[in-house]
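Source: prediction; values computed, not measured. Numbers restart at 1 for each chain; the letters A, B, ... are given by sequence-line order, proteins then strands.
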Amino acid sequence: MLRVSIILFYFCLLTFNLEKALPELPEVETIKNDLEKVILNKKITAVIIHRSSVVKEPSLKKFKSLLLDSKFRKIIRRGKLLAFEIITAQKEIYFLSVHLRMTGQLVYGSDDPKSRVSFKLSNGFYLCYNDQRTLGELRLVKDIQALNVVKNMGPEPLSKDFRVNDFIKYISMRKAKIKPLLLDQKFVAGIGNIYAAEALFISKIDPARNACDLNEQEAKLLFKNIKSILKKAIKCRGSSFSDYRDGHGNKGTFSNNFYVYGRKGQACLVCKDFIQRIKLGGRGTYFCPGCQK
DNA sequence: CGGGGCTCCTGTGCGC
DNA sequence: TGCGCACAGGAGCCCC
């Protein structure tokens, strides 16, 4: 009987937790912090490309030849984008930008047979780019600021560029629904489906409300909660719902703290109402109808 | 501006 | 049992 219950329990976990977790700001920040400790000043001794479509620019040949014998100097994160500053064998500075999109992973360790691109390092270890759905993008560019994604990106939510008065003002000017607006990287950088849902829950705001209909107190609260939830998630080394892994291939623990994300049909941890899942802007959106008004 | 739909991709789940 | 379709989603694109 006990064994049957245990099997049923895991079966339920498997069936209900199908939603994918995407690498958002806290996950990308965790990868950056992990990799900084192990790859800086290491030289790339081989570039192995198993899936050429993930390399967007320049040509494969140039991508390989520039990276070969380059050294990692620095890692930068902007929103969900990671950029590795490298110095080539010809002493030129380039940036290897990596967008993980849905299922991308950057893992340091031994070579992974299912990697899409592997970089062999001078110490014999590998930096592997894994990506089941291959929607991620690698680019090698001279000027990272010139990339359209970077040029168009909104403020970093954990930096001083993210100001409460600006946030209140811009929110009051937008008619779009607040949840899809939070996902817009031009509005604020680094927030994805998980943290948008969770920040709105803590702020008790209905994700379907028009941004301009939030009052000043609500906008202020949301601003504060965006910052606090991202900081908390970084402390937990990110959320691993399914695909996300840190720089060493390990899971993060923030998913244990979810109030609404992936909890459709389950009781709200605050008011016991049932968590609902609706579509907003084409994206699955979780919320508690009891708590969020 | 806002919103809808399509595209990229692959594993999974469901209907017939 | 098995085939084929729908779905999941970040982000760019097009269109109304």
Interatomic distance where CG belongs to A:Asn148 and P belongs to C:dC13 [whole Å] = 7 Å

task = Using the closest heavy atom to pick a nucleotide of DNA chain C for each, name whichever of A:Leu135 or A:Lys186 lands nearer the 5' end.
result = A:Leu135

message = I want to verify a distance call: between C:dG10, C:dG12, B:dT10, whose nearest atom is closest to the A:Leu22 side chain?
response = C:dG10

inquiry  = Rounded to whole Å, please give me the gap between CE in A:Met173 and C1' in B:dG2.
reply    = 15 Å

key: d(CE, A:Met153; P, C:dA11) in whole Å   = 8 Å

request  = Would you indicate, yes or no, if C:dG9 has its OP1 or OP2 atom less than 4.0 angstrom from a side-chain nitrogen or oxygen of A:Arg277?
outcome  = yes

message = Taking only side-chain N and O atoms of A:Gln185, does any of them lie within less than 4.0 angstrom of OP1 or OP2 on C:dA11?
response = yes

query = Between C:dG10 atom P and A:Glu24 atom CD, what is the distance in whole Å?
reply = 7 Å

A:Lys80 side chain near C:dA11 phosphate (N/O to OP1/OP2, under 4.0 Å) = yes

query = Taking it one step at a time, do A:Phe125 and A:Tyr108 satisfy ring-ring contact (aromatic ring centres under 6.0 Å, His included)?
reply = CA-CA 7 Å; A:Phe125 283 93; A:Tyr108 172 85; 5.4 Å; yes

request  = Looking only at side-chain atoms of A:Lys175, point me to the closest of B:dG2, B:dG3, B:dG11.
outcome  = B:dG2

inquiry  = Rounded to whole Å, how long is the line connecting atom CG of A:Asp184 with atom C1' of C:dG12?
reply    = 12 Å

request  = Assign A:Lys279 to base, sugar-phosphate, or nothing according to its heavy-atom contacts below 4.0 angstrom with the strands shown.
outcome  = sugar-phosphate

message = For A:Tyr261 and A:Tyr195: C-alpha separation, side-chain torsions, deciding distance, then whether ring-ring contact (aromatic ring centres under 6.0 Å, His included) applies.
response = CA-CA 9 Å; A:Tyr261 190 83; A:Tyr195 298 106; 8.7 Å; no

inquiry  = Using OP1 and OP2 only, check whether a side-chain N or O of A:His99 sits under 4.0 Å from C:dA11.
reply    = yes

request  = Kindly indicate whether the side chain of A:Arg283 and the base of C:dG10 share any N or O donor-acceptor pair separated by less than 3.5 Å?
outcome  = yes

task = Could you state the atom-to-atom distance from CG of A:Leu280 to P of B:dG4 in whole Å?
result = 9 Å

task = Show the numbers, then the answer: is there a side-chain contact (heavy atoms from CB on, under 4.5 Å) between A:Arg277 and A:Thr285?
result = CA-CA 5 Å; A:Arg277 181 183 188 275; A:Thr285 301; over 6 Å; no

query = In whole angstroms, how far is the C1' atom of C:dG9 from the CD1 atom of A:Ile278?
reply = 16 Å

ask   = Any side-chain donor-acceptor pair under 3.5 Å between A:Asn225 and A:Ser203?
value = yes

request  = Between C:dG10, B:dT10, B:dG2, spot the one nearest the side chain of A:Gln132, thanks.
outcome  = B:dT10

Nearest-nucleotide pick for A:Arg51, side chain only, options being C:dG10, B:dT10, C:dG12 = B:dT10

request  = May I ask you to verify if any side-chain N or O of A:Arg133 is less than 4.0 angstrom from the OP1 or OP2 atom of C:dA8?
outcome  = no

request  = Find the distance A:Tyr195:OH to C:dG10:P and express it as a whole number of Å.
outcome  = 13 Å

request  = Give a yes or no on whether A:Lys56 atom NZ has more than 12 heavy-atom contacts from other residues, nucleotides or ligands under 6.0 Å away.
outcome  = yes

